[in-house]
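Report on the following structure.
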Amino acid sequence: MDAYPETPPVVVTDTVKNAIRIVALDERARARGIRLNQTLSDARALVPDLDCHAADDESNRALLLKIAGWCERYTPLVALDAAPEAERDHGLFMDITGCAHLLGGEAAMIADLEARLRAQGFHVRLCLADTPGAAWAMARYGQDRIIAEGAHAEAVLPLSLSGLRLPPAMVASLGRVGLKTIGCIAGMPRAPLAARFGARLMQRLDQALGREEEAISPIMPVAELSTERRFAEPVTHQEEISHVIAALAAGIIEPLERRGLGLRRCRLRLFRVDGHVSHLDVQTARPLRDAKMIRRLFEERIAGLHDDLDAGFGFDLIRLDVVHADPFEGAQTEMMAEMMAHHAAEQGHDALVDRLGARLGLDRVQRFVLADTHIPERSFGRQPIAHLGARSRSGSGNAALALIPEAPGEIITRPLILFDRPELMQTIAEVPDGPPLKFRWRGVSYEVARSEGPERIACEWWRDGRGARTRDYFRVEDRQGYRFWMFRHGLYGRETSDPAWYMHGLFA
């Protein structure tokens, strides 16, 4: 703050009890007599050049989420403050169990965290304690930065009751009866307090003192496996990043082998020195354990970005997380050359799918699948090729495979090519159930030489409504030898008095 003495004090205002009040302020404003909950008019009387900004909860939350993502350089267990009833300026919880030794111990980790955040322009208050409740109270109302193990209960007793994450109205009610610190209620009988102020008071007290366990909910799920590389000098060049990716990928192969797994989705996280964090995800069509292929997939992913990967002043930490893994079935040695060739073709197919998925997004690499319906245009769909085994129930596109016989020599009863939508046509046919005798389609007249049918397909009333009509399909061959697939829409005399005819497909 002292580096910019000409900058006016900054405060954040919001409407509280029908008055515009100060809900946040910087150190310069505090030094000049401004205080929280003070009305804006009183504050301007003290400091006429006050720089005021309206509170914006959405922007504050978005910024807090970015800071939380950056804090994952220290631990994957980062959660938002879960006590919105206590204060507006919510913070973060970090569970650093088992992580502090990676940065030289708890004191070194706290110092590094604070120094980096201050370098980004943030004023922070933090505390390390055995329980989330004690850490929350000491960070806001205490002075100590690290509470010794087992000493958190004694450390919070002198603090204000606001340190228990209680609603301001409850804190005010307790103050009116002379209870102003945590120590005032810690030794009192519990039943009268709970009856007068509710069970929430006792719960918050027990959480702060460690009598009741309190779990935090991480913003991001914890990766199954993770490996990272820290740098004394930040890396900036694409070639250096690729070498780091290869080394990280090689580091996760052996743990995957021990667990009998292969990765299906992994995430590369690049922590920039200025606080920005980049995320790159790749997915694979099948479980993968090839470090070189992982490196190539990330290279394809980076090449497919709309903008170049902005390294800024460099990345000082790069982490590779295995987000999802599946059981890995290793390729067994085949005795026959034909089976070996088939296996190689499968591997080439999977590699192509993975590369396309890395460049375009795996959800955009799709295949046609059959759907559980008897309506022809709905009998196929598209799904990401990585989600093998699941069936899609909706289709789109101009044409698609509707039915392919599996046994050689099987008679094809439906055309391989269906129109996107059945096309209306003019037909002369015998009623009520006779086949077409002549028809006109796309401006051309045809005479029917022979026909087969009808194949009656009932409507799906649960999807199209009770008024949907039945279809009678015919396979028709004209005098030139062309074969068509058409249907009469609606039963004559029961569903309609003038059934329409539609062309739906062509036989090869």
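Quick note: residue numbers are just sequence positions, from 1. Owing to the predicted nature of the structure, the values given are computational and were not obtained by experimental measurement.
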Approximate separation, where rounding is to 0.5 Å, of [X] [atom1] and [Y] [atom2]:
X: S160; Y: I182; atom1: OG; atom2: CD1; answer: 7.5 Å
X: L201; Y: I185; atom1: CG; atom2: CD1; answer: 4.5 Å
X: R204; Y: L161; atom1: CZ; atom2: CG; answer: 13.5 Å
X: C71; Y: L77; atom1: SG; atom2: CG; answer: 12.5 Å
X: H324; Y: L261; atom1: NE2; atom2: CG; answer: 9.5 Å
X: E299; Y: I241; atom1: CD; atom2: CD1; answer: 11.0 Å

For residues 170-194, pull every pair meeting salt bridge (charged side-chain N to carboxylate O under 4.0 Å, His left out), keeping only residues two or more places apart or in separate chains.
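Found R190-D206.
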Qualifying salt bridge (charged side-chain N to carboxylate O under 4.0 Å, His left out) pairs, either residue in residues 103-118, two or more places apart
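Sorted result for residues 103-118: D112-R116, E114-R118, E114-R145, R116-D316.
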Go through the structure and list residues passing salt bridge (charged side-chain N to carboxylate O under 4.0 Å, His left out) with E257, not counting sequence neighbours.
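Per chain and number, E257 pairs via salt bridge (charged side-chain N to carboxylate O under 4.0 Å, His left out) with no residue.
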Show every side-chain hydrogen bond (donor to acceptor under 3.5 Å, both in side chains) that has at least one partner inside residues 218-228, sequence neighbours left out.
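For residues 218-228, and leaving out neighbouring residues, the side-chain hydrogen bond (donor to acceptor under 3.5 Å, both in side chains) pairs sorted by first residue read S226-D321, E228-R230, E228-R319.
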Using the rule given for side-chain contact (heavy atoms from CB on, under 4.5 Å), can you reason through L159 versus T181, listing the C-alpha separation, both sets of side-chain angles and the distance that settles it, and then say yes or no?
CA-CA 5 Å; L159 302 182; T181 66; over 6 Å; no
[Y] side chain reached by [X] side chain, heavy atoms, under 4.5 Å:
X: I294; Y: T284; result: no
X: R269; Y: I318; result: no
X: L179; Y: L193; result: yes
X: F328; Y: L256; result: no
X: F313; Y: P234; result: no
X: R165; Y: Q207; result: yes
X: F122; Y: L63; result: yes
X: V11; Y: D51; result: no

More than 12 heavy atoms of other groups within 6.0 Å of [X] [atom1]:
X: E254; atom1: CD; answer: yes
X: R211; atom1: CZ; answer: yes
X: L40; atom1: CG; answer: yes
X: E154; atom1: CD; answer: no

Carboxylate-amine/guanidinium contact K292 D290, below 4.0 Å
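No, K292 and D290 are not salt-bridged.
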Give a yes or no on whether a salt bridge exists between R296 and E300, defined as a side-chain N under 4.0 angstrom from a carboxylate O.
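Here R296 does not pair with E300 in a salt bridge, since their nearest N and O are not under 4.0 Å apart.
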Who passes side chain to side chain donor-acceptor pair (under 3.5 Å) against [X], sequence neighbours left out?
X: R32; result: none
X: N37; result: none
X: H237; result: none
X: R21; result: none

Please list, chain by chain and in numerical order, all residues satisfying ring pair (Phe, Tyr, Trp, His ring centres under 6.0 Å) with F271, sequence neighbours excluded.
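F271 satisfies ring pair (Phe, Tyr, Trp, His ring centres under 6.0 Å) with no residue once adjacent residues are dropped.
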side-chain contact (heavy atoms from CB on, under 4.5 Å) for I252 and R289? Distances and angles first, verdict last.
CA-CA 9 Å; I252 64 172; R289 281 187 193 164; over 6 Å; no
What residues form a side chain to side chain contact (heavy atoms under 4.5 Å, CB included) with [X], not counting sequence neighbours?
X: R229; value: F231, V244, A247, L248
X: C127; value: M138, A139, I147
X: D274; value: R272, H276

Main-chain N/O of G98 paired to H101 side chain as donor or acceptor, under 3.5 Å:
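Yes, because the side chain of H101 sits within donor-acceptor range (under 3.5 Å) of the backbone of G98.
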Considering all heavy atoms of both residues, which atom of G163 and which atom of W136 are nearest to each other, and what is their separation?
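In this case the closest contact between G163 and W136 is O-CE3, 3.5 Å.
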One pair to check against side-chain contact (heavy atoms from CB on, under 4.5 Å): L209 and T131. What are the steps and the verdict?
CA-CA 8 Å; L209 300 181; T131 66; over 6 Å; no
Mind running side-chain contact (heavy atoms from CB on, under 4.5 Å) on I245 and L320 for me, showing each step along the way?
CA-CA 8 Å; I245 295 173; L320 182 64; 5.6 Å; no
Would you tell me whether H279 and D281 have side-chain atoms, one donor and one acceptor, within less than 3.5 Å of each other?
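Short answer, no.
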